[in-house]
Amino acid sequence: MYKIISNQQIGNDFYIMAIEGSFEANPGQFYMLRGIGSFMTLSRPISVFDVGKDKIAFMYRVVGEGTKYFSKLKEGDEITLYGPYGNGYPVSDYKDKKVALIGGGMGIAPLFYLAKQLDNAEIHLGLNSRDLTAEQKQYLGQLYATHAPTTIHIDTDMSEKLDFSKYDAVMTCGPEIMMYKLTKKHENVYVSLEKHMGCAVGACLSCTCDVAGKRVKVCKDGPVFKGSEVSYDDAIKLL
Amino acid sequence: MYKIISNQQIGNDFYIMAIEGSFEANPGQFYMLRGIGSFMTLSRPISVFDVGKDKIAFMYRVVGEGTKYFSKLKEGDEITLYGPYGNGYPVSDYKDKKVALIGGGMGIAPLFYLAKQLDNAEIHLGLNSRDLTAEQKQYLGQLYATHAPTTIHIDTDMSEKLDFSKYDAVMTCGPEIMMYKLTKKHENVYVSLEKHMGCAVGACLSCTCDVAGKRVKVCKDGPVFKGSEVSYDDAIKLL
Amino acid sequence: MTMQSNYFNLSFKNPVIAASGTFGFGQEYKAYYNPSILGGISAKGITLEARRGNSGIRITETAGGIMNSIGLENPGVESFLADELQQMSTIDTVKIANLGGSTLETYIEGAKLIEEHNKKVKANASTLLHTAVDLVELNISCPNVKEGGIAFGITCEGAEKVVREVRKVLSVPMAVKLSPNAENIVNVAKTCEYEGADGISLINTFSALKIDIKKRRPVFDNVYAGLSGPAIKPIALKMVREVAKAVKVPVIGMGGITTAEDAIEFIMAGAHLIQFGTASFINPYAGKDIVEGIEAFMKEENIKSLDEIRGII
Amino acid sequence: MTMQSNYFNLSFKNPVIAASGTFGFGQEYKAYYNPSILGGISAKGITLEARRGNSGIRITETAGGIMNSIGLENPGVESFLADELQQMSTIDTVKIANLGGSTLETYIEGAKLIEEHNKKVKANASTLLHTAVDLVELNISCPNVKEGGIAFGITCEGAEKVVREVRKVLSVPMAVKLSPNAENIVNVAKTCEYEGADGISLINTFSALKIDIKKRRPVFDNVYAGLSGPAIKPIALKMVREVAKAVKVPVIGMGGITTAEDAIEFIMAGAHLIQFGTASFINPYAGKDIVEGIEAFMKEENIKSLDEIRGII
Ligand SMILES: Cc1cc2nc3c(=O)[nH]c(=O)nc-3n(C[C@H](O)[C@H](O)[C@H](O)COP(=O)(O)OP(=O)(O)OC[C@H]3O[C@@H](n4cnc5c(N)ncnc54)[C@H](O)[C@@H]3O)c2cc1C
Ligand SMILES: Cc1cc2nc3c(=O)[nH]c(=O)nc-3n(C[C@H](O)[C@H](O)[C@H](O)COP(=O)(O)OP(=O)(O)OC[C@H]3O[C@@H](n4cnc5c(N)ncnc54)[C@H](O)[C@@H]3O)c2cc1C
Ligand SMILES: Cc1cc2nc3c(=O)[nH]c(=O)nc-3n(C[C@H](O)[C@H](O)[C@H](O)COP(=O)(O)O)c2cc1C
Ligand SMILES: Cc1cc2nc3c(=O)[nH]c(=O)nc-3n(C[C@H](O)[C@H](O)[C@H](O)COP(=O)(O)O)c2cc1C
Ligand code: FES
Ligand code: FES
């Protein structure tokens, strides 16, 4: 159990929660967060938003019962978390390369810490017009801009907007359909997949999918994969 | 939902929780307390410890999951409660009469507010030597003494200790066996019964028992009954 | 937009019914809301003779659910008809008598008393007793009485016998309430329909066990007790869907419904009416919240009648 | 004081076994504790041929429980024997192969492969494959595969057929894993015992339903999915007690066990061994906590052997 330092509402349903403790994680890894003892049977996978000395932060959106519970926690309350889990983005391979970080919706969460670890990143935040007020978007833009040049795209398809030739890699997180489209635009696209999870350690097979022709576990082998190797069955269904 | 003003630990497993709000209740009545949305399926019946302007207080002991949850709540946290339920002690009949208030263990809880409403009460707190340190007992004694002369009996059978002839009535709450014995000592003994409860409104029949030859609902017709009319089947089993 | 519907030749102002044993005789939750807002009320289960119910602890909490061992404490059919049912007349809703029994004979005798009562009321023969039973919910599924009840709900043979015999003496509309402990609940439902049941009501509680490991004995004197509440909802929902697909008569679905969203799940699974039981212990406003929540959902999703979504899964 | 016991001619250092499908192939929770502290590990269910499992969402939360629809994703029996089982050899515990099937033939063929593998290992014929299957858990109760499995677990006739035929080809100790969806789980257990099962394992998940009312479709592509976790514990405990009273072979009890107290309830209800499944998702240290908690309880209550409390309810 860890103590909550702060749990700030930064948009309609957007929150950033900071938790006390000593943590080590790579950008793109995630933790399993849970509350209220065993009343909640499944922990919720949430990406690392930021890691600092003696604290870690998560950015999350309230979508159901579990995240609603998180949103009600206050400074001083306790929370249980396990992790870090999975493999993050290939930071060391692209440390000083030019990288586009493209987030869609809550997919912007892992990009903050990711930008911090890269020397030459550019951040593109895809936010829709419902979730955040103009001010809130500006606030987020400024927040992210502390680590890299940041642009905010509202309700636009970023795969159409950018000149991908100038990047060595694209690292993205967001709706599958967005990530799928990006995959077609550049050779080195790294995507972060989302699946309902039970164990987060590779034990339950709740989160498997096909990558590079093999069954992989998103929790353990991912959540970050090379986009071109992912089989987008689900995303393609939506096209 | 109500706000918690304070939740003070006053003994090993003894707590007093004060809750903000405007409440009206009679001594001996109880509320159903609950937390964490619908995760807890049953509310917990807890007697009124004290009612003040814009607040109510409960004294409780941690015995299981529900009360443990209560003990973890802090100032500013929220709690749900319904009530007041049931009928309390016959305060108006004995307003200025000489009344012995006898509590055993957590049964001391309703006596505080009860003493406040009587002009001529004497409080006897039966506490065992495990639950509370000497200091904690003294603290409790002083607390109760703000309303009436108070004595503390440790690990003793109060039905053997007191001269019952000097009282017009005995109002008691505690283990059934204690209340049963007291019932034999005086004509006007009022006891507060404890049963597992579902609805607290008389709808589910979880709490029925025989009083004066009739089936009654402890939640609605009690929890306070005239001791001589209660059928002590369970208590007698223990003798 | 309307929540109103007709089943059993009765008009239900909405599909939300208070479940037997959890709502007393309709008066008990009046401090929270007017019970007339409900589509119906199923009164506490009654038996031919009055019963004191089970000894010992009668209710306890489990993860996401509760267990109860009331043991059908009730004043008996006659007393119910003369007293509690009459008091229910102030409530403008469908009045359901939940009839249990220990032997075939006690079911039949109980049903006969209801039949006679209704005849008298309809004929205005009695000036004092003016409220009739609108619907009988034949309870062949109470797990908490040793002598039986549930014995009739486990197998098709059991159900066949009791439904056939009761039907012979009862012209009042009758739904049969099934047990999740049935060997094959779909077949039991079909048997009941075949034997003349006007509807199927499901599910009653699951037979279950909790042990006090310190005392080294079961929590309940009766060893087993009935599990209900949110914990059982996913199983109940599956059973309701399967039964709704198998029978033509109306299905009253229940088991863990605590919110309007839960109720809508049951309707999408094929339930014509729904009941909420344990929900009232979690939230005394549950009935009101469910009625209002269904209405809000219909508005939001532009649903004119629940028929549009009934059984779409 | 000892938690050690012998069943199936195997020595269990304690009664705590990781349940199939929730503990991978034993390696996955190593970051939390050494799996060698467990009495046994039941590996993910395997089938003759490799399976990709079900499409769509595979796990979700319910009140006090979870629903899963993995659909027996697994590498196939041969690959399991050659690979995952061999990796399990580093773990000092009883190794259980959970064998499912879609037809009688696939069960028999799968069992034959295990039998042959064990014979080779025992004969030291193979130098590479040195780990044998200690116990087969015959899974006739998976609700998540359309083709079958559970079909054999619903009726006595189904169980009779598959247990009889598998027993003919399998000399490795075998427990049969039963479904709570069985029409009469006690009779199915007795049938399995009669047909030569060395033990009974119960319960697998309950077939259940959850509907996404906004999308107006079931949450799971396969419509139904299996309910497990604390929510089902009281029902599982009852079933374990009834089966334990009805058969003479050892009973492996499970269903919602998340704490040592839960485990002790099952032992008091008659279980010889227990399994924890969903518990690991709630608390990755669950296995360790349960083992240590049972030990602490035995000390506290001065219990020398679990035989003292087994089946006392
Ligand atoms: C690797 C990974 C990283 C994530 N990082 C973030 C993040 O940084 N910020 C953030 O807001 N969200 C993140 N998510 C999504 C987040 O896990 C879900 O929004 C959350 O679990 C929803 O829980 P709930 O109880 O509020 O919703 P409900 O819909 O009530 O949840 C019901 C069940 O479904 C599961 N579930 C529902 N939606 C999702 C989903 N999209 N992904 C996985 N499980 C789901 C829940 O965990 C729960 O078990 C991440 C998901 C994954 C897999
Ligand atoms: C009218 C009335 C007034 C009460 N007043 C007080 C009070 O002022 N202070 C106080 O500390 N306690 C009081 N109690 C007892 C209190 O309700 C229980 O200690 C509490 O419910 C235990 O809950 P738990 O979850 O901690 O225990 P668990 O044992 O985990 O509870 C499991 C279930 O059993 C029920 N239960 C367990 N013990 C009791 C009990 N003794 N009485 C009723 N239900 C029980 C719980 O409500 C719950 O539903 C009162 C009980 C009644 C009936
Ligand atoms: C305390 C209690 C008493 C009950 N008594 C009866 C009864 O008398 N007759 C009956 O048919 N069902 C009875 N039931 C079962 C409920 O009517 C309902 O079928 C079951 O609880 C499942 O619904 P729920 O999960 O919404 O509570 C009782 C349930 C509870 C909890
Ligand atoms: C994700 C998941 C996968 C499972 N896979 C299997 C399986 O492959 N074979 C099997 O026999 N049981 C399987 N089960 C059932 C469990 O082994 C166990 O019987 C059931 O979950 C009840 O126990 P629990 O409540 O402790 O989880 C699975 C359960 C879960 C939750
Ligand atoms: S969440 Fe269990 S294998 Fe990935
Ligand atoms: S608690 Fe329901 S009748 Fe008393």
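Only heavy atoms go into these numbers, but all of them, side chains included; no hydrogens, no water, no symmetry mates. Naming convention: chains lettered A, B, ... in sequence-line order (proteins, then strands); numbering from 1 in each chain.
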K.L.:
Can you find a pair of side-chain heavy atoms, one from B/Val201 and one from C/Tyr29, that are under 4.5 Å apart?
P.N.:
yes

K.L.:
Given heavy-atom pairs under 4.5 angstrom as the criterion, report whether the side chain, backbone, both or neither of C/Ser69 touches chain B.
P.N.:
neither

K.L.:
Are there more than 12 heavy atoms of other residues, nucleotides or ligands under 6.0 Å from atom NZ of C/Lys30?
P.N.:
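Enclosed.
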
K.L.:
Rounded to the nearest 0.5 Å, what separation is found between the CG atom of C/Leu72 and the CG atom of B/Leu205?
P.N.:
10.0 Å

K.L.:
Looking at C/Glu61 and B/Arg44, does any basic side-chain N land under 4.0 Å from a carboxylate oxygen?
P.N.:
yes

K.L.:
Can you establish whether the number of heavy atoms outside C/Glu78 located under 6.0 Å from its atom CD is more than 12?
P.N.:
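Counting other residues, nucleotides and ligands, CD of C/Glu78 stays at 12 neighbours or fewer.
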
K.L.:
Tell me whether the count of non-hydrogen atoms from other residues, nucleotides or ligands lying under 6.0 Å of CD in B/Glu75 goes above 12.
P.N.:
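For B/Glu75, atom CD is not crowded (no more than 12 foreign heavy atoms under 6.0 Å).
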
K.L.:
What do you reckon, is NZ of B/Lys116 surrounded by more than 12 foreign heavy atoms closer than 6.0 Å?
P.N.:
yes

K.L.:
I want to check something: taking the side chain as every heavy atom from C-beta on, are B/Arg34 and C/Ile282 in contact at a cut-off of under 4.5 Å?
P.N.:
yes

K.L.:
By a 4.5 Å heavy-atom criterion (distance strictly below it), what part of C/Ile57 contacts chain B: side chain, backbone, both, or neither?
P.N.:
side chain

K.L.:
Give, as side chain, backbone, both or neither, the part of C/Thr22 having an atom under 4.5 angstrom from any heavy atom of chain B.
P.N.:
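Contact with chain B: backbone only.
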
K.L.:
Between C/Arg58 (side chain only) and B/His196 (backbone N and O only), is there a donor and an acceptor less than 3.5 Å apart?
P.N.:
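Pair absent, no side-chain N/O of C/Arg58 close to backbone of B/His196.
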
K.L.:
Count the heavy atoms belonging to other residues, nucleotides or ligands that lie under 6.0 Å from NZ of B/Lys74, then report whether that count exceeds 12.
P.N.:
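Atom NZ in B/Lys74 is crowded, with more than 12 foreign heavy atoms closer than 6.0 Å.
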
K.L.:
Please rank C/Gly65, C/Gly53, C/Gly229 by heavy-atom pairs under 4.5 Å with chain B and give me the top one.
P.N.:
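When all of C/Gly65, C/Gly53, C/Gly229 are compared, C/Gly65 has the most.
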
K.L.:
Measuring from atom OG1 of B/Thr208 to atom CD of C/Glu73, what distance do you get when rounded to the nearest 0.5 angstrom?
P.N.:
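Output value for this atom pair is 3.5 Å.
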
K.L.:
Does B/Lys68 NZ have over 12 foreign heavy atoms under 6.0 Å away?
P.N.:
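No, NZ of B/Lys68 has 12 or fewer neighbouring heavy atoms, counting only those of other groups under 6.0 Å.
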
K.L.:
Check whether any side-chain heavy atom of B/Ser206 lies under 4.5 Å from a side-chain heavy atom of C/Asn68, and answer yes or no.
P.N.:
no

K.L.:
Check each atom of C/Tyr32 against the heavy atoms of chain B and say whether the ones under 4.5 Å are side chain, backbone, both or neither.
P.N.:
side chain

